[in-house]
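Heads up, the thing below is written out as structure tokens.
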Amino acid sequence: MATSPAKPDQPNEDFTGAVPNAVVLLDGAGLSGTTSTCLHGVAWYTRRLGGALLAQLAAGDGRDLTAILGQAIAQVANAHRDTCDISDPSSPSATVTIFRVDGDRADYLALADSVLVLDHAGDAPEVITDGRVDAVGSRYRAAIDAAPNGTVEHDQALLEYVEALRTHRNQPGGFWVAADDPGAAAEALTGSWPVSGLRGAVLLSDGASRIVDQFALADWPAVLALIAGEGPAEVIRQVRAAEANDPQGKRWPRAKAYDDATLAECTRFPARQAPAGSGFTPAANMIER
């Protein structure tokens, strides 16, 4: 695993963690630029939700991933329902990506716009992401993309963009994130693959997936090769270099000049099998900078 906050003096609002047969990745989706109605903040929310997910996944009972997510959302909502206005659209929320191996089957869940890349043996990588956030956001991006990052015009456009998105959060025809409503879990993308057909999987927050989907510095096969050769932290290093070379977003227009970036690489090594029954070895090198 590798993670990096957008700025050294700000909390990292991403979260990733693993248990022996599963890994989760969350990207804090609190609507920056608004006055939050939560006393705790986005980083608190992602860490609490991530911890709740890992606790349930560790049971290894094969429960449906949407049920696990729904219960975790409810648990965290109840933890601050009495102190915070958790139904307000400006309250903390998060994308959720889960990858789990259960016997000879690999299951995934994707809610909102983090990215899961499945490394299929002998075939092209499969990229799974929930595109509804981008579909809604594209209606309101023109002013942000036209103004350089760090300018008054960009800041104002970002505020207006955030306000527009608020009306579509967890609404039919809009987009869905983990927030206060356990019912959002039922809107996640889910699927399964035979473990025998996978070499591994990579989970990325959208701050890390910029290397492909915003900056076009590499395609997904090249990213998988880069991670295999140099580790997840190298992807973040290249993203940070690109951001630093285009701080105003003139080459790559974007809402945030820098963003939290996190990756989790899950790799199977047939020659070094894990204990019987696990079939899965998550990479365990955490780097934060």
Side-chain angles (χ1 to χ4, degrees), residues 11-19 21-32 34 36-100 102 107-116 128-133 136 165-192 203-206 260 262 264:
N12 190 336
E13 296 174 345
D14 287 354
F15 174 93
T16 191
V19 292
N21 72 320
V23 61
V24 302
L25 186 145
L26 286 72
D27 182 351
L31 298 176
S32 59
T34 65
S36 177
T37 58
C38 174
L39 300 176
H40 303 93
V42 176
W44 175 91
Y45 182 82
T46 55
R47 293 166 189 172
R48 288 293 291 263
L49 183 62
L53 288 168
L54 290 173
Q56 293 189 65
L57 290 164
D61 55 10
R63 278 196 305 145
D64 183 80
L65 293 180
T66 57
I68 288 174
L69 175 57
Q71 183 175 335
I73 291 172
Q75 179 180 335
V76 179
N78 289 336
H80 67 143
R81 187 183 304 278
D82 294 337
T83 58
C84 309
D85 184 2
I86 62 174
S87 64
D88 189 285
S90 67
S91 63
S93 58
T95 73
V96 179
T97 306
I98 305 173
F99 180 76
R100 175 183 68 185
D102 187 4
D107 303 321
Y108 69 81
L109 177 148
L111 184 67
D113 59 349
S114 293
V115 176
L116 170 66
I128 298 164
T129 188
D130 181 351
R132 287 171 289 188
V133 177
V136 172
L165 281 186
R166 291 179 65 176
T167 64
H168 298 280
R169 193 185 90 165
N170 288 0
Q171 297 293 326
F175 62 93
W176 300 83
V177 293
D180 64 303
D181 181 8
E187 302 293 333
L189 308 181
T190 59
S192 299
L203 295 76
L204 309 93
S205 66
D206 64 352
D260 298 335
T262 302

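Positions are given from 1, in the same order as the sequence printed here.
For Thr95, the side chain to side chain donor-acceptor pair (under 3.5 Å) test picks out Ser114, with sequence neighbours left out. Checked against ring-ring contact (aromatic ring centres under 6.0 Å, His included), His168 has the following partners two or more places apart in sequence or in another chain: Tyr140. Asp206 pairs by the side chain to side chain donor-acceptor pair (under 3.5 Å) definition with nothing, not counting sequence neighbours.
The line from CG of Leu39 to OG of Ser91 is 11.5 Å long, rounded to the nearest 0.5 Å. Atoms CH2 and CG, on Trp176 and Asp130 in that order, are 11.0 Å from each other to the nearest 0.5 Å. Here CZ of Phe99 is found 13.5 Å from CG of Leu25. Values are rounded to the nearest 0.5 Å. To the nearest 0.5 Å, atom CG of residue Leu204 and atom OG1 of residue Thr16 are 10.0 Å apart. The CG atom of Leu26 sits 10.5 Å away from atom OG of Ser93, with the distance rounded to the nearest 0.5 Å. Put simply, CG on Leu203 and OH on Tyr108 are 12.5 Å apart, with the number rounded to the nearest 0.5 Å.
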Apply side-chain contact (heavy atoms from CB on, under 4.5 Å) to Leu53 and Ile68, showing your working. CA-CA 7 Å; Leu53 288 168; Ile68 288 174; 4.0 Å; yes
Could you go through Leu65 and Leu57, starting from their C-alpha distance and side-chain angles, then the distance that decides it, and tell me whether this counts as side-chain contact (heavy atoms from CB on, under 4.5 Å)? CA-CA 9 Å; Leu65 293 180; Leu57 290 164; 3.9 Å; yes
Could you walk me through whether Thr190 and Asp107 satisfy the side-chain contact (heavy atoms from CB on, under 4.5 Å) test, starting with their C-alpha distance in whole Å, then the side-chain angles of each, then the deciding distance to 0.1 Å, before giving a yes or no? CA-CA 7 Å; Thr190 59; Asp107 303 321; over 6 Å; no
Between Arg100 and Val19, does the side-chain contact (heavy atoms from CB on, under 4.5 Å) criterion hold? Intermediate values first, please. CA-CA 9 Å; Arg100 175 183 68 185; Val19 292; over 6 Å; no
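Contact between Leu111 and Ala178 at its shortest, heavy atoms only, is CD2-N, 3.5 Å. Across Ile128 and Ala110, no two heavy atoms sit closer than the pair CG2-CB, 4.2 Å. Here the closest non-hydrogen pair linking Ala43 and Glu13 is N-CG, 4.0 Å. Of all non-hydrogen atoms in Ala52 and Val76, the two that sit nearest each other are CB-CG2, 4.4 Å. When all heavy atoms of Ala112 and Val133 are compared, the closest pair comes out as CB-CG2, 4.1 Å. Closest of all the heavy-atom pairs between Ala79 and Arg48 is CB-NH2, 3.4 Å.
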Show me, pair by pair, the donor-acceptor contacts under 3.5 angstrom made by side chains of residues 179-187, not counting sequence neighbours?
| unit_1 | atom_1 | unit_2 | atom_2 | d |
| --- | --- | --- | --- | --- |
| Asp181 | OD1 | Gly183 | N | 2.8 |

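In this structure, Arg166 and Asp88 have side chains that are in contact, with non-hydrogen atoms separated by less than 4.5 Å.
Using a distance-only test at 3.5 Å, with no hydrogens or angles considered, a donor-acceptor pair links the side chain of Ser205 to the main chain of Thr262.
Side-chain atoms of Asp113 and Thr129 form no donor-acceptor pair, as typed in the model, at a separation below 3.5 Å.
Legend: ring pair (Phe, Tyr, Trp, His ring centres under 6.0 Å) pairs involving residues 64-87, not counting sequence neighbours, sorted by first then second residue: His40-His80, Trp44-His80. For residues 62-85, the set of pairs meeting the salt bridge (charged side-chain N to carboxylate O under 4.0 Å, His left out) definition, not counting sequence neighbours, comprises Asp61-Arg63.
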